[in-house]
Amino acid sequence: MSADTPRRIVLLRHAKAEWSQQSDHERPLAERGRKDAPVAGRKLADSGIVFDLALCSTATRTRETWKLAVHEFEQRPRTVYEERLYEASLGELIALFDETSDDVQNLLVIGHNPGMHGVADALSGRADGDALARLTRDGFPTAAYAVVEFSGSWKGLEHGVGKLVEYWTPND
């Protein structure tokens with residue numbers, strides 16, 4: 001695969017979590033989250049994107065979201081549970097994506113806010129339709145996802161290089 005191959009990064013925020021006495025990292029999904037995660041998975045499966053790699057935060061709520069969402073896929077991508085996704089800043093996320101092999105065309109990231117919103121906004125120099133306006137207006141609710149397309153190497157991923165081609169929330 002050449003460095004100028006079109007690529008996609010799909011940013012999926014974990015589904016709704018419970019507020020509990022446990023540490024933030026160990027918070028499980030709430031009932032609504034257990035309903036929304038498979039819906040997001042079905043919507044992603046219906047998009048036709050075949051993921052080469054999924055990076056999932058190690059937090060309980062992201063792992064549960066992924067477990068429920070991936071059951072909707074025809075083909076399970078290779079999955080890496082990545083500690084650095086938990087509480088990652090925008091810069092840390094971009095640095096993590098820079099490590100992605102150029103053999104990966106379509107990357108799915110299951111993470112947290114404000115990181116998912118921040119990186120979707122930062123990478124999207126342009127957008128289809130009103131996707132960027134909706135992202136700005138609605139934020140990045142639980143179980144929402146954004147699809148950003150760009151050309152080039154993962155190492156060339158930087159602010160404004162992508163196009164936001166889809167932004168979906170469970171309320172759509």
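Note: hydrogens, waters and symmetry copies are ignored here, and every other heavy atom, side chains too, is used.
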(message) Taking the side chain as everything from C-beta on, heavy atoms only, tell me whether Val109 gets closer than 4.5 Å to Leu12.
(response) no
(request) Output, in order, the C-alpha distance, side-chain angles, deciding distance and verdict of side-chain contact (heavy atoms from CB on, under 4.5 Å) for Leu93 and Leu11. (result) CA-CA 11 Å; Leu93 288 167; Leu11 304 157; over 6 Å; no
(message) Treating Arg13 as the side-chain partner and Ala144 as the backbone partner, does any N or O pair qualify as donor plus acceptor under 3.5 Å?
(response) no
(message) I'd like to know if the side chain of Thr100 and the backbone of Trp154 have a donor-acceptor N/O pair within less than 3.5 Å.
(response) no
(request) I would like to know whether Glu82 and Leu96 meet side-chain contact (heavy atoms from CB on, under 4.5 Å); could you show each step before the answer? (result) CA-CA 10 Å; Glu82 178 55 67; Leu96 182 62; 3.8 Å; yes
(request) Using a strict cut-off of less than 4.0 Å between a Lys/Arg side-chain nitrogen and an Asp/Glu carboxylate oxygen, indicate whether Asp24 and Arg61 qualify as a salt bridge. (result) yes
(request) Taking the side chain as every heavy atom from C-beta outward, state whether His14 and His112 have any pair of such atoms under 4.5 Å apart. (result) yes
(message) Determine whether Leu55 and Tyr81 satisfy the following criterion, side-chain contact (heavy atoms from CB on, under 4.5 Å), listing intermediate values before the conclusion.
(response) CA-CA 6 Å; Leu55 297 178; Tyr81 294 93; over 6 Å; no
(request) Might you point out which heavy atoms bring Val161 and Arg126 nearest each other, and give the distance in Å? (result) O-NH1, 3.9 Å
(message) Return the OG to CG distance between Ser124 and Leu164, rounded to the nearest 0.5 Å.
(response) 4.0 Å
(request) May I ask you to decide whether Glu149 forms a salt bridge with Lys163, counting only side-chain N to carboxylate O separations under 4.0 Å? (result) no
(message) Using salt bridge (Lys or Arg N to Asp or Glu O under 4.0 Å), reason through Arg137 and Asp130 one step at a time and then give a plain yes or no.
(response) CA-CA 10 Å; Arg137 180 189 69 223; Asp130 67 345; 5.4 Å; no
(request) Without swapping roles, check the side chain of Asn113 against the backbone of His117 for a donor-acceptor pair under 3.5 Å. (result) yes
(request) Taking atom types as modelled, find out whether Ser23 and Glu26 have a side-chain donor-acceptor pair closer than 3.5 angstrom. (result) no
(request) Could you tell me which non-hydrogen atom of Ser20 sits nearest to which non-hydrogen atom of Pro28, and how far apart they are? (result) OG-CD, 4.3 Å
(request) Would you check if the side chain of Thr79 reaches a backbone N or O of Pro77 as a donor-acceptor pair within less than 3.5 Å? (result) yes
(message) Minimum heavy-atom separation for Tyr167 and Pro141, please, with both atom names.
(response) OH-CD, 3.4 Å
(request) Please round to the nearest 0.5 Å and tell me the distance separating atom OH of Tyr145 and atom CD of Glu166. (result) 3.5 Å
(request) Give, for atom NZ of Lys67 and atom CZ of Arg34, the distance between the pair rounded to the nearest 0.5 Å. (result) 12.0 Å
(message) Restricting to non-hydrogen atoms, name the atom on Phe73 and the atom on Gly41 that form the minimum distance, rounded to 0.1 Å.
(response) CE1-O, 3.5 Å
(request) Kindly give the heavy-atom pair with the smallest separation between Asp98 and Lys155, and that separation in Å. (result) O-NZ, 3.2 Å
(message) Between Glu64 and Leu29 (side chain of the first, backbone of the second, donor and acceptor by atom type, cut-off under 3.5 Å), is there such a pair?
(response) yes
(request) Could you grab the distance from atom CZ of Phe51 to atom CG of Leu108, nearest 0.5 Å is fine? (result) 4.5 Å
(message) Side chains of Phe97 and Val119, heavy atoms from C-beta outward: is any pair under 4.5 Å?
(response) yes
(request) Report yes or no: does Arg63 contribute a side-chain atom to a donor-acceptor pair with the main-chain N or O of Thr58 at less than 3.5 Å? (result) yes
(request) Would you indicate whether the side-chain heavy atoms of Asn106 and Val10 approach each other to under 4.5 Å? (result) no
(request) Could you tell me whether Arg84 and Glu99 have a side-chain N and a carboxylate O separated by less than 4.0 Å? (result) yes
(request) Find out if a path of hydrophobic residues (ILVMFWY) with successive side-chain heavy-atom gaps under 4.5 Å connects Leu157 to Val148. (result) yes
(request) Mark yes or no for whether Asp121, through its side chain, and Thr136, through its backbone, hold a donor-acceptor pair below 3.5 Å. (result) no
(message) Check Arg7 with Asp102, please: is the shortest side-chain N to carboxylate O separation under 4.0 Å?
(response) yes
(request) Verify, without hydrogens or angle tests, whether Thr62 (side chain) and Ser57 (backbone) share a donor-acceptor contact under 3.5 angstrom. (result) yes
(request) Check for a donor-acceptor pair, side chain of Arg27 on one end and backbone N or O of Thr60 on the other, with a separation under 3.5 Å. (result) no
(message) So, taking the atom named CG in Leu90 and the one named CD1 in Ile94, what distance separates them when rounded to the nearest 0.5 Å?
(response) 5.5 Å
(message) If hydrophobic clusters are built by linking Ile, Leu, Val, Met, Phe, Trp and Tyr wherever their side-chain heavy atoms come under 4.5 Å apart, do Leu135 and Val147 end up in the same one?
(response) no
(message) Could you tell me if the side chain of Trp168 sits less than 4.5 Å from the side chain of Leu44, heavy atoms only?
(response) no
(message) Let me confirm one number: the CD1-CD1 distance from Ile49 to Ile9, rounded to the nearest 0.5 Å.
(response) 11.5 Å
(request) Kindly give the heavy-atom pair with the smallest separation between Ala143 and Pro170, and that separation in Å. (result) CB-CG, 3.7 Å
(message) Could you check whether Arg78 pairs with Asp52 (Lys NZ or Arg NE/NH1/NH2 to Asp/Glu carboxylate O, under 4.0 Å)?
(response) no
(request) Determine, using the 4.5 Å side-chain heavy-atom cutoff (strictly less than), whether Val80 and Leu85 are members of one ILVMFWY cluster. (result) yes
